[in-house]
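One structure is given below, encoded as structure tokens.
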Amino acid sequence: MGLWLEPNSNGRTYCSSLSCNFRNLPQVQLRSRIVDTPISNRRTEMTMERQQREEEKKPQTSENDKDEKVVQFLDSLNDYLTLMDSLSSALRQGWLELASARHSMGSWRINSAILDHKFHSASTTLQLSSPDDSNYNMKQPHFTLRKWESCDDEDFQSKEVKLDEDEVQKNSDDVQVQKERSKTLLVFGALVSPKLRDAQLSFETALETLVDIANRRSVMLSAYDHVREEILGTKQ
Amino acid sequence: MYGFEAMTFNVHSGYLEAIVRGYRSGLLTAADYNNLCQCETLDDIKMHLTATEYGPYLQNEPSPLHTTTIVEKCTLKLVDEYKHMLCQATEPLSTFLEYITYGHMIDNVVLIVTGTLHERDVQELLEKCHPLGMFDSIATLAVAQNMRELYRLVLVDTPLAPYFSECITSEDLDDMNIEIMRNTLYKAYLEDFYRFCRKLGGATAEIMSDLLSFEADRRAVNITINSIGTELTREDRKKLYSSFGLLYPYGHEELAACEDIDQVRAVMEKYPPYQSIFSKLSYGESQLLDKAFYEEEVKRLCLSFEQQFHFGVFFAYMRLKEQEIRNLMWISECVAQNQKSRVHDSVVFIF
């Protein structure tokens with residue numbers, strides 16, 4: 001007579017018993033039946049039920065995540081296209097205003113031959129924060145435009161000011177920026193047409209939009225990678 | 001003697017007056033501009049201009065065209081016509097014709113000096129100079145470090161020498177000094193030209209006084225508007241205004257104190273000839289001011305052709321031709337940038 005236990009994939013045990021008909025021994029029937037161990041019956045049942053519920057929920061949660069990521073990607077794509085459109089408008093406006101300034105002041109006053117080839121520091125710089133930097137916690141690279149850096153850096157770049165000094169700080173920043181703008185236009189002469197100043201503003205707007213596009217593209221590519229991972233994960 | 005020019009004018013200048021009136025009839029008409037405004041590409045513009053008097057200058061230009069090429073070739077036509085008139089002119093018409101080019105000479109001097117200050121190649125700068133303002137020693141301007149040297153080394157032998165007396169300093173040249181120099185020279189030139197025309201007397205004095213006064217007043221308004229928000233003080237601004245014109249002297253006093261475009265408008269609206277110009281603009285706007293001034297100038301220039309036996313027709317033709325070239329430049333830019341809806345912002349029809 002032998003008795004052995006075999007667990008199956010559901011965690012339940014089979015108990016097989018062999019019965020044999022000996023003359024003097026009571027009859028034991030050969031049967032095979034599912035036998036739960038008496039002590040952890042209830043707990044195992046609960047665990048199994050919980051696992052079953054989680055497995056039923058799992059497809060729903062991952063579907064929501066996928067949808068969210070796809071929506072995120074589409075949102076970032078929409079923002080990217082909107083920014084491209086506004087860049088196109090800003091550049092068109094800038095080029096037309098430049099042509100208008102040449103029409104007003106004369107092409108001998110506004111041409112590439114009088115641009116300054118002397119060494120001078122850049123008035124505007126671009127700072128790149130990449131995920132490799134220790135101080136940067138985001139997953140995608142980020143571009144920051146620092147405009148008119150040749151003026152006093154501390155006064156100009158500080159955006160967090162006390163409420164009391166808000167207006168004064170803003171006015172001095174505006175004046176400083178205006179001075180820097182006029183200084184840049186000195187290449188074409190000290191007395192330039194307002195159309196040239198308008199062209200300068202348009203190109204400045206275009207530059208800001210370009211940096212926004214770069215950041216938005218970075219977010220969009222990151223969202224695209226997430227969506228692709230989800231799709232590949234589902235296929236597997 | 002005024003009124004008796006018919007007796008003597010044609011002896012020396014009749015042929016050239018006929019020539020310049022012939023040139024005038026070759027100016028583009030409204031129909032030509034309408035055709036040009038409908039062009040899709042610069043090659044279309046070239047094709048239309050080939051059928052006009054610009055044909056010989058543009059027909060051999062290879063594609064793709066650039067707007068600067070169109071302007072250069074059209075300017076060459078103007079230069080050829082001017083040289084044809086100058087080589088056949090006698091005094092005082094020859095001096096009068098030379099006076100017309102001194103403005104371009106000043107622009108070229110400033111271009112060379114500015115470019116040299118910015119460490120640019122002299123040959124590159126010479127290519128950008130206006131051909132009407134060229135003189136022999138222009139390339140040596142690049143060696144001057146300050147205005148005194150500029151005068152002593154180069155300009156003392158040019159027609160601009162008398163205009164330097166007010167702006168000779170030993171200060172090194174920088175962008176602000178150069179701008180002051182440009183405007184001071186131009187002021188001196190305009191005043192000298194005005195005196196010369198007054199001396200000629202007759203119809204020339206009357207017509208040219210009106211045209212040059214308008215030029216001086218327009219300059220005063222442009223200097224005022226362009227200097228708003230800059231470091232130019234009121235006194236320095238006033239020094240750049242010419243000493244003649246409708247606005248001299250009281251209008252200049254008020255313009256010197258203006259801090260924005262609306263104050264300029266308030267000053268100019270006190271003068272009836274300029275009231276109509278500023279009435280076309282809305283408050284705070286200065287974009288269409290140039291076009292309004294150009295339209296008024298073209299009207300006055302065309303009126304000068306209504307009278308005979310004076311030198312004003314030569315000045316008027318040169319200015320009308322320059323306006324035509326500006327129109328072609330603007331149309332070309334709008335077509336090249338695919339902004340044909342804006343083409344009528346700055347085109348001034350002559351006829």
Side-chain angles (χ1 to χ4, degrees), chain A residues 85 87-120 123 150-151 171 174-203 206, chain B residues 67-68 71-72 75 104 107-108 110-112 114-115 117-121 124-130 133 174-180 182-183 222-232 237 240 261 286-287 289-291 294 322 326-327 329-330 332-334 336-339 342 345-346:
Chain A
D85 194 45
L87 172 70
S88 168
S89 312
L91 285 175
R92 271 169 69 86
Q93 182 71 13
W95 283 116
L96 191 70
E97 281 162 352
L98 186 63
S100 186
R102 291 189 73 202
H103 178 268
S104 170
M105 293 169 61
S107 53
W108 53 89
R109 284 194 67 182
I110 301 181
N111 62 71
S112 55
I114 57 171
L115 294 176
D116 201 345
H117 275 194
K118 282 192 296 194
F119 177 79
H120 51 274
S123 59
S150 54
C151 62
N171 287 339
D174 287 344
V175 165
Q176 202 64 25
V177 165
Q178 275 304 110
K179 277 188 185 166
E180 288 298 316
R181 285 199 180 112
S182 298
K183 201 167 126 188
T184 317
L185 287 181
L186 278 179
V187 165
F188 302 110
L191 302 179
V192 296
S193 165
K195 293 172 184 175
L196 192 63
R197 297 183 203 280
D198 291 342
Q200 185 185 39
L201 285 174
S202 295
F203 286 123
Chain B
T67 53
T68 50
V71 172
E72 271 171 29
T75 306
H104 295 298
D107 289 331
N108 287 350
V110 171
L111 174 65
I112 300 284
T114 306
L117 185 71
H118 296 159
E119 295 182 4
R120 302 302 299 260
D121 181 44
E124 197 183 352
L125 296 169
L126 288 173
E127 283 166 17
K128 297 284 181 185
C129 287
H130 197 289
D174 63 21
D175 291 311
M176 184 53 95
N177 288 345
I178 290 172
E179 188 69 35
I180 304 269
R182 181 212 307 272
N183 286 285
N222 283 338
I223 286 170
T224 309
I225 291 173
N226 293 348
S227 61
I228 289 171
T230 66
E231 293 170 356
L232 197 68
R237 190 194 278 181
L240 301 180
I261 185 71
S286 64
Q287 297 295 324
L289 184 62
D290 281 335
K291 185 179 178 186
Y294 284 136
E322 284 169 7
R326 267 196 297 275
N327 287 343
M329 189 275 273
W330 180 250
S332 304
E333 286 285 350
C334 288
Q337 293 184 29
N338 201 18
Q339 297 249 33
R342 303 290 297 271
D345 285 1
S346 294

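Chain A is the first sequence line, chain B the second, and so forth, proteins listed ahead of strands; every chain is numbered from 1.
The greatest number of non-hydrogen atom pairs below 4.5 Å with chain A, out of B:Arg182, B:Lys128, B:Met176, is found for B:Arg182. In terms of heavy-atom pairs under 4.5 Å with chain B, the best-connected choice from A:Ser112, A:Gly106, A:Ser107 is A:Ser112. Taking chain A as the reference chain and counting heavy-atom pairs below 4.5 Å, the highest number among B:Arg342, B:Gln337, B:His104, B:Glu127 is found for B:Gln337.
Residue pairs that meet the side-chain hydrogen bond (donor to acceptor under 3.5 Å, both in side chains) test with at least one member in residues 96-105 of chain A, sequence neighbours left out, are A:Gln93-A:Glu97, A:Glu97-A:Ser202, A:Ser104-B:Asp290.
In this structure, the portion of A:Arg197 lying under 4.5 Å from any heavy atom of chain B is its side chain and not its backbone. In this structure, no portion of A:Leu196 lies under 4.5 Å from any heavy atom of chain B. Looking at B:Ile178, neither its backbone nor its side chain comes within 4.5 Å of chain A, counting heavy atoms on both sides. Of the atoms belonging to B:Leu240, it is side-chain heavy atoms, and not backbone ones, that fall under 4.5 Å from chain A. Heavy-atom distances place no part of B:Asn222 under 4.5 Å from chain A, backbone and side chain included. Only the side chain of B:Met329 has a heavy atom closer than 4.5 Å to any heavy atom of chain A. Residue B:Ser346 touches chain A through both its backbone and its side chain, counting heavy-atom pairs closer than 4.5 Å.
Panel note: side chain A:Arg109, backbone B:Asp107; no donor-acceptor pair is recorded below 3.5 Å.
Atoms CD and CG, from B:Gln339 and A:Leu96 in turn, are 4.5 Å apart once rounded to the nearest 0.5 Å. Atoms CG and CD, on A:Asp116 and B:Glu119 in that order, are 7.5 Å from each other to the nearest 0.5 Å. Within the model, atoms CD1 of A:Ile114 and CG of B:Asp175 stand 9.0 Å from one another, a figure rounded to the nearest 0.5 Å.
For the residue pair A:Ser193 and B:Asn226, the shortest heavy atom distance occurs at CA-OD1, 3.4 Å.
Using a 4.5 Å cut-off on side-chain heavy atoms (C-beta onward), A:Asn111 and B:Thr68 make no contact.
Taking B:Glu124 as the reference, B:Arg120 meet the salt bridge (Lys or Arg N to Asp or Glu O under 4.0 Å) condition, with sequence neighbours excluded.
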